Colleague: 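Take this structure first; my questions come after.
Everything numeric in this text was worked out from a predicted model, so none of it was measured. Nothing fancy with the numbering, it's 1 onward along the sequence.
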Amino acid sequence: MHTPALRLGAGLATGIALAAGVLTATPAVAAVGDDDPTVGARVTTGPAAGLAINEVESNADDTDWVELVNTSSAAIDLSGWRFLDSDSSHTAYTLPQGSTIAAGGYLVVDQETTTRSGFDFGIGGADSVRLYDASGTLTLRYAWTTHAAVTYGSCPDGSGTLVDTTASTKGGPNDCSSPVRINEVESQGGTPGDWVELTNVGTTTVDLGGYVLRDSEDDHAWTVPAGTTVPPGGFTVLDEAQAGADSGTAPGAGAETGTAAGAGAGFGFGLGKADGVRLSDARGVLVDEYSWTAHAATTYGRNPDGTGAFAETAEPTKGSTNRFAGVVTAEAWPGGPDETVLDAEDTFAGDLSGLDWTSSASAQDGQLWAVQNGDGLLYHLVRDGRDGRGGWAPTNTAGVDLRYADGTGTPDAEGVTVTADDPGAVYVSTERDNDVSKVSRPAVLRFATTDGSESVLRATDEWDLAADFPGLGANAGLEGVTWVPDAWLTSRGFVDQHTGATYAPAAYPGHGEGLFLVGVEGTASVYAYALMDDGSSQRVATIATPFSLVAEVQFDPTLDALWVVCDEACSGRTALFDVQDGAFTLATLYEAPANADRTLANEGFAISGRCVDGARATFYADDNDTNGASLRTGTYPCDAVEEPGDGDGDGGAPAPGDGDTPAPGDGETPAPGGGETPPPGDGGGSTPAPGTGGSSPAPVPTTPGPTTPGPTTPGPTAPGPAAPAAPVAPDVSALVDGNRGSVSAPSNVRAGSSLTIDVGTRYAGQRVAVWLVSEPRLLGAPVVAADGTVTVAVPADVPAGQHRIAVAAFDGTVLGWTGITIDPATGSLAFTGAELGGVIAAALLLLAAGAGVLVARRRRTVGSPA
């Protein structure tokens, strides 16, 4: 994944639809790009009078884009105009016939996706955008030196200076309002009295001096003292009975710690049973308001902080993140506050992405595998203390040049993992072949190596998952990959969503001894796959995440949990998932370490299996090679007595890097070890267990029975709750008007793609069955997420046309249903750009000749020859 990434999602739902026709890439005419992109401000003269660059998204959205606005009283025809960034070597992008922007209207020039053409270059952190009329004359230009925290937008629309906006408003009026929001309200029983908590959803500290707080009565007004501020993402509390206002606390800082600003007796009026609060800025403009009809048993707060709707909280959290029953709240990183550089400057050229840590017989601190996406390189790293910093360096300085099985191509290597059942290989997740960069090719590749000493490696096997992701952007595919042992999954009652019953490894002959979990950037989800030795695959589970994208996944046998990682798009947050009621479920959500740079493109994450002085090393790969550094390290707490593999982390089977697994390059196959380790969360040590770390309560289950922890000595792990029997199909006659609309889903979905259904938060934590009707066909048996949604896959062979989606209990009771239109699948590979005719013809000829056929099979038994 490159930054800015071509991210699928919101770009497909944009409210600005370019008129008939598609945008086509056309070589620039002579004048286009000849100017200096760093010189000059916006130009709005000549035929473009009234036309302005209104908003720019260069990072952290699904696609990069530029919004134009027409402030004049007449429509402007932009057909044939050309768009370019600061790099004049890029092919200028030509707007199609019919690209007209109405008077007072907006038009978005967007980056390409597999379903919509657009400009094929990314917009960078120090970049510019230029628009030329049909004759090649420069008409609009805007330049900047760093990414906006949100977007750059004109305030007011079309005529103001472009500033960092409060919220992205693609295709609509810019949001230049105050980013201050009422976040939590205590109207009775507070300490020392009633209070109102404010938060800042913006990117810079806001001076609250002169803001005015009112309740529902206009004559109850209080002016916030000068010097009162609220930091971005932080909280400031205004008290009824305490002088002034507490100074702002930073995100993750916990309870309020600042001193009062100003003097006086607080706002002085109490908040009633049926009342409200209003906040105006120093100009008298209403910033935010909230009203209620009865006291809350606790407090009223936004879920999530700053942006969500108000609801009754689980407990008052004055000056800190709101908490709600059944909702996992982001908490402070429990390890060290820093991410320290490990690699010497310019060790890597940039684009370092996936990481995986394993143990090593020859290196006490273990070894790292890393992949670099742009040029498809594989690195093997060990700790190198010669620099006095204890840094890490590649044993293969130039990296291994990865190729597809026929020796061609440049795999866009994004993730890497090793497995316990195949010690002579590494597995790499890819988005595409960079030599054909506009074609989506989400795949897992196997490469036979033990130490990365080869100069070139051809894939022995490829599992192409494109058919499961129709429409997926070429740069929005597989990011992280990890491997989870079957024994661990079955010991925890893991449920196969494909069958709706307990996962049975024998149902997938030839898949080895575990499942591969892949994180997909464009869907922001994780998927569990059985990869068979004949090159086929089967999706076994879909795991929704709280993130806008997934950059990395890592199975952690020490914690008995799955790490899911986001990059700078989520400010460096990470999450831990464990198996609850048969499904991977969000247990803990972490902020980035306190002193970490949240703008680092940390696409790779790994964690050591060694516990040294109460800490395990964490590793981060920065795709941007910021300041010449791509590899950084931090710490995560652990019990000093822990040694990898001592506990039940693998459910009886060795896992990569657990101390009992022959990792590539170990040279030996140790027998599974014993020892005793207190299970995570038993209070016997300092290791935070998923769902128990920090001060955030674990989700409150709504189905009976917690998962039973495994034993602390080797042997079979006590099972969790019994997995449900196969669900009973609902009676079609039970789908009546009375329960129609109780669940909601998109009106259209393409066969072969994922479908998210809103079941309702009242079912959060419960397992449901999702059926496609007319003849009931089970699509999956997922657990309802905390936000009330489930995600299933619509098989590619579903006939196009009108259908019904029904959600039912396992006994067949219908919970709700809705109508849906299934669009036909568009084929196994999505494509953007020129016609594929010649490429397909050549590929068919190659296939007919037998070229490129993968004949190598996976070695799936420990100790067998690679």
Side-chain angles (χ1 to χ4, degrees), residues 2-7 11 23 25-61 63-71 76 78 80-95 99 101 106-112 118-155 157-165 168-171 174 203 350 568 599 601 624 626:
H2 297 286
T3 299
L6 192 157
R7 292 165 180 167
L23 303 180
T26 303
V29 298
V32 173
D34 287 349
D35 57 286
D36 185 341
T38 65
V39 176
R42 288 188 306 177
V43 182
T44 56
T45 59
L51 184 68
I53 293 172
N54 198 52
E55 191 173 6
V56 177
E57 168 62 85
S58 63
N59 190 34
D61 205 343
T63 57
D64 295 339
W65 48 266
V66 174
E67 175 191 273
L68 307 176
V69 64
N70 179 3
T71 62
I76 300 175
L78 300 180
W81 288 42
R82 294 174 178 85
F83 174 82
L84 193 61
D85 65 351
S86 64
D87 189 344
S88 297
S89 69
H90 287 156
T91 301
Y93 184 81
T94 304
L95 277 68
S99 296
I101 181 168
Y106 304 87
L107 186 144
V108 174
V109 182
D110 215 331
Q111 200 173 23
E112 67 179 2
F119 56 88
D120 61 1
F121 45 83
I123 302 177
D127 210 339
S128 66
V129 290
R130 294 176 283 173
L131 189 68
Y132 302 83
D133 66 17
S135 70
T137 300
L138 178 67
T139 303
L140 297 177
R141 176 199 293 115
Y142 178 66
W144 59 93
T145 58
T146 185
H147 287 303
V150 184
T151 61
Y152 286 118
S154 178
C155 296
D157 284 332
S159 59
T161 301
L162 271 71
V163 298
D164 207 325
T165 60
S168 174
T169 57
K170 186 177 185 179
N174 291 338
T203 58
E568 78 277 14
T599 66
N624 281 347
T626 304

Colleague: As a test of understanding, state which of Leu138, Leu51, Val66 forms a side-chain contact (heavy atoms from CB on, under 4.5 Å) with Leu131.
Modeller: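 Option passing the side-chain contact (heavy atoms from CB on, under 4.5 Å) with Leu131: Leu51.
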Colleague: Anything under 30° is parallel, anything over 60° is perpendicular, the rest tilted; go ahead and classify Phe119 against Tyr93.
Modeller: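 Answer is perpendicular, since the angle exceeds 60°.
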Colleague: Going by heavy atoms in the side chains, are Leu68 and Ile53 under 4.5 Å from each other?
Modeller: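 Touching, per the 4.5 Å side-chain cut-off.
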Colleague: So, for Arg130 and Ser88, which heavy atoms are closest and what is the spacing to 0.1 Å?
Modeller: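 Heavy-atom minimum between the residues: NH2-OG, 3.1 Å.
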Colleague: Just how far is it from atom CG of Asp133 to atom CG of Leu140, taken to the nearest 0.5 Å?
Modeller: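 The CG atom of Asp133 sits 10.0 Å away from the CG atom of Leu140.
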Colleague: What closest approach, in Å, do Thr165 and Glu55 show between heavy atoms, and which atom pair accounts for it?
Modeller: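 Minimum heavy-atom separation between Thr165 and Glu55: OG1-OE2, 4.3 Å.
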Colleague: So Tyr152 and Tyr142, would you call those rings parallel, tilted or perpendicular, with 30° and 60° as cut-offs?
Modeller: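 Rings of Tyr152 and Tyr142: perpendicular, over 60°.
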Colleague: Residues in side chain to side chain donor-acceptor pair (under 3.5 Å) with Ser89, at least two apart?
Modeller: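 Side chain to side chain donor-acceptor pair (under 3.5 Å) list for Ser89, sorted by chain: Asp87.
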Colleague: To check you understand the geometry: which heavy-atom pair defines the closest contact between Ser99 and Leu107, and what is its length?
Modeller: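 In this case the closest contact between Ser99 and Leu107 is C-CD1, 4.4 Å.
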Colleague: Closest approach of Val163 and Cys155, non-hydrogen atoms and distance?
Modeller: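 Closest heavy-atom pair between Val163 and Cys155: CG2-SG, 3.8 Å.
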Colleague: Mind checking the CD1-OG1 spacing from Ile76 to Thr139? Nearest 0.5 Å is all I need.
Modeller: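 Reported to 0.5 Å precision, the distance equals 10.0 Å.
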Colleague: Kindly write out the residues that satisfy side chain to side chain donor-acceptor pair (under 3.5 Å) with Thr626, not counting sequence neighbours, or none if the list is empty.
Modeller: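 Scan of Thr626 (side chain to side chain donor-acceptor pair (under 3.5 Å), adjacent residues dropped) gives Asp622.
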Colleague: Hey, what do you get for CD (Glu568) to CG (Asn624), rounding to the nearest 0.5 Å?
Modeller: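 Nearest 0.5 Å value for the CD-CG distance: 6.5 Å.
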Colleague: Over all heavy atoms of both residues, which pair between Asp157 and Thr71 is shortest? Give the atoms and the distance, please.
Modeller: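 Shortest heavy-atom separation between Asp157 and Thr71 comes out as O-CG2, 4.1 Å.
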Colleague: Does the Asn54 side chain pair with the main chain of Val69, one donor and one acceptor, at a distance under 3.5 Å?
Modeller: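 Looks like no, no N/O pair under 3.5 Å.
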Colleague: Are any side-chain N or O atoms of Ser58 and backbone N or O atoms of Gly125, one a donor and one an acceptor, separated by less than 3.5 Å?
Modeller: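 The answer is no, because no donor-acceptor pair under 3.5 Å joins these two groups.
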Colleague: Measure the CZ-CZ distance between Phe83 and Phe121 for me, rounded to the nearest 0.5 Å.
Modeller: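 Phe83 CZ to Phe121 CZ: 5.0 Å, rounded to 0.5 Å.
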Colleague: Mark yes or no for whether Glu67, through its side chain, and Val108, through its backbone, hold a donor-acceptor pair below 3.5 Å.
Modeller: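 No: the side chain of Glu67 does not pair with the backbone of Val108.
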Colleague: So, does Asn174 use its side chain to make a donor-acceptor pair with the main chain of Ser154 at under 3.5 Å?
Modeller: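 Judged by distance alone, yes, a pair lies under 3.5 Å.
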Colleague: A side-chain contact here means heavy atoms from C-beta on lying under 4.5 Å apart; do Lys170 and Tyr106 qualify?
Modeller: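 Contact flag for Lys170/Tyr106 side chains = no.
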Colleague: Measuring from atom CZ of Arg82 to atom OH of Tyr132, what distance do you get when rounded to the nearest 0.5 angstrom?
Modeller: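 Going from the CZ atom of Arg82 to the OH atom of Tyr132 covers 11.0 Å.
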Colleague: For the residue pair Trp65 and Ser168, what are the closest heavy atoms and their distance?
Modeller: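 Taking Trp65 first and Ser168 second, the nearest heavy atoms are CZ2-OG, 3.4 Å.
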Colleague: For a 4.5 angstrom cut-off between non-hydrogen side-chain atoms, does Trp144 reach Ile123?
Modeller: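 Side-chain contact under 4.5 Å: yes.
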Colleague: Looking only at side-chain N and O atoms, does Thr63 offer a donor or acceptor that is under 3.5 Å from a partner on Asp110?
Modeller: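 Yes - a donor-acceptor pair under 3.5 Å links their side chains.
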Colleague: Strictly distance-based, threshold 3.5 Å: is any side-chain N or O of Asp127 a donor or acceptor partner for the main-chain N or O of Ser86?
Modeller: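 A pair under 3.5 Å: yes.
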